[in-house]
Participant: 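Mind having a look at this structure? Questions to follow.
We count ligands from 1, going down the list as the structure has it; atoms in each ligand are counted the same way.
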Amino acid sequence: MDNCVFCKIINGEFGTEFVYENEYAVVFKDINPKAEVHLLVVPRKHVESLNELDDEALLGKLMMAVKDVTKKLGIKSYKTLINTGKEAGQEVFHLHIHILSGQMHF
Ligand code: AMP
């Protein structure tokens with residue numbers, strides 16, 4: 001998707017380091033962390049938000065990526081968050097799951 005910052009990250013345009021990746025998703029650190037650990041789980045496929053998601057299996061794959069990356073990094077306690085829609089605070093219109101752990105700054 002042109003002009004989508006997360007599509008550009010997925011395509012390697014910014015040289016963003018992936019802390020985890022698989023066939024369906026990549027995981028990288030949030031550039032403006034709201035917690036001691038703040039990761040974003042992002043599907044490789046461009047979907048604007050949960051409102052546009054029609055692939056039931058993809059949601060399961062994303063949650064499994066949450067499980068796998070937290071296990072890989074030894075993160076045992078964490079929150080997950082999906083902002084859907086501008087008024088709910090969604091800034092990047094490419095579906096993503098926030099993983100927040102440790103001290104939170106909000
Ligand atoms: P949301 O408000 O749910 O759409 O979350 C978007 C998140 O993406 C915010 O927490 C931003 O800090 C983060 N973000 C925006 N651009 C980048 C980037 N280039 N690399 C990493 N995280 C980003």
Participant: Above 12 or not: heavy atoms from other molecules or residues under 6.0 Å from NZ of Lys29?
Facilitator: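 No, NZ of Lys29 has 12 or fewer neighbouring heavy atoms, counting only those of other groups under 6.0 Å.
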
Participant: Within a radius of less than 6.0 Å around CG of Asn51, do more than 12 heavy atoms belonging to other residues, nucleotides or ligands occur?
Facilitator: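 Counting neighbours around CG of Asn51, more than 12 heavy atoms of other residues, nucleotides or ligands fall under 6.0 Å, so yes.
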
Participant: Could you go step by step and tell me if Lys86 and Glu91 meet the salt bridge (charged side-chain N to carboxylate O under 4.0 Å, His left out) rule?
Facilitator: CA-CA 7 Å; Lys86 205 172 179 176; Glu91 291 170 5; over 6 Å; no

Participant: Looking at Lys61 and Glu23, is there a salt bridge between them, counting it only when a charged N and a carboxylate O are closer than 4.0 Å?
Facilitator: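 Result for this pair is no, no salt bridge flagged.
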
Participant: Less than 3.5 Å apart, N/O on ligand 1 and N/O on the protein: could you list those pairs with the distances?
Facilitator:
residue: ligand 1; atom: 2 (O); partner: Gly89; partner atom: O; Å: 2.7
residue: ligand 1; atom: 2 (O); partner: Glu91; partner atom: N; Å: 3.3
residue: ligand 1; atom: 3 (O); partner: Asn83; partner atom: ND2; Å: 2.9
residue: ligand 1; atom: 3 (O); partner: His96; partner atom: NE2; Å: 2.8
residue: ligand 1; atom: 3 (O); partner: His98; partner atom: NE2; Å: 2.8
residue: ligand 1; atom: 4 (O); partner: Glu91; partner atom: N; Å: 2.7
residue: ligand 1; atom: 4 (O); partner: Val92; partner atom: N; Å: 2.9
residue: ligand 1; atom: 4 (O); partner: His96; partner atom: NE2; Å: 3.1
residue: ligand 1; atom: 5 (O); partner: His96; partner atom: NE2; Å: 3.0
residue: ligand 1; atom: 5 (O); partner: His98; partner atom: NE2; Å: 3.3
residue: ligand 1; atom: 10 (O); partner: Asp30; partner atom: OD1; Å: 3.3
residue: ligand 1; atom: 10 (O); partner: Asp30; partner atom: OD2; Å: 2.5
residue: ligand 1; atom: 12 (O); partner: Asp30; partner atom: OD1; Å: 2.6
residue: ligand 1; atom: 22 (N); partner: Ile31; partner atom: N; Å: 3.1

Participant: By ring pair (Phe, Tyr, Trp, His ring centres under 6.0 Å), which residues pair with Phe6, not counting sequence neighbours?
Facilitator: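 With sequence neighbours excluded, Phe6 shows a ring pair (Phe, Tyr, Trp, His ring centres under 6.0 Å) to Phe28, His96, given in chain and number order.
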
Participant: Hey, is CD on Glu13 packed in by over 12 heavy atoms from elsewhere, all under 6.0 Å?
Facilitator: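 Atom CD in Glu13 is crowded, with more than 12 foreign heavy atoms closer than 6.0 Å.
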
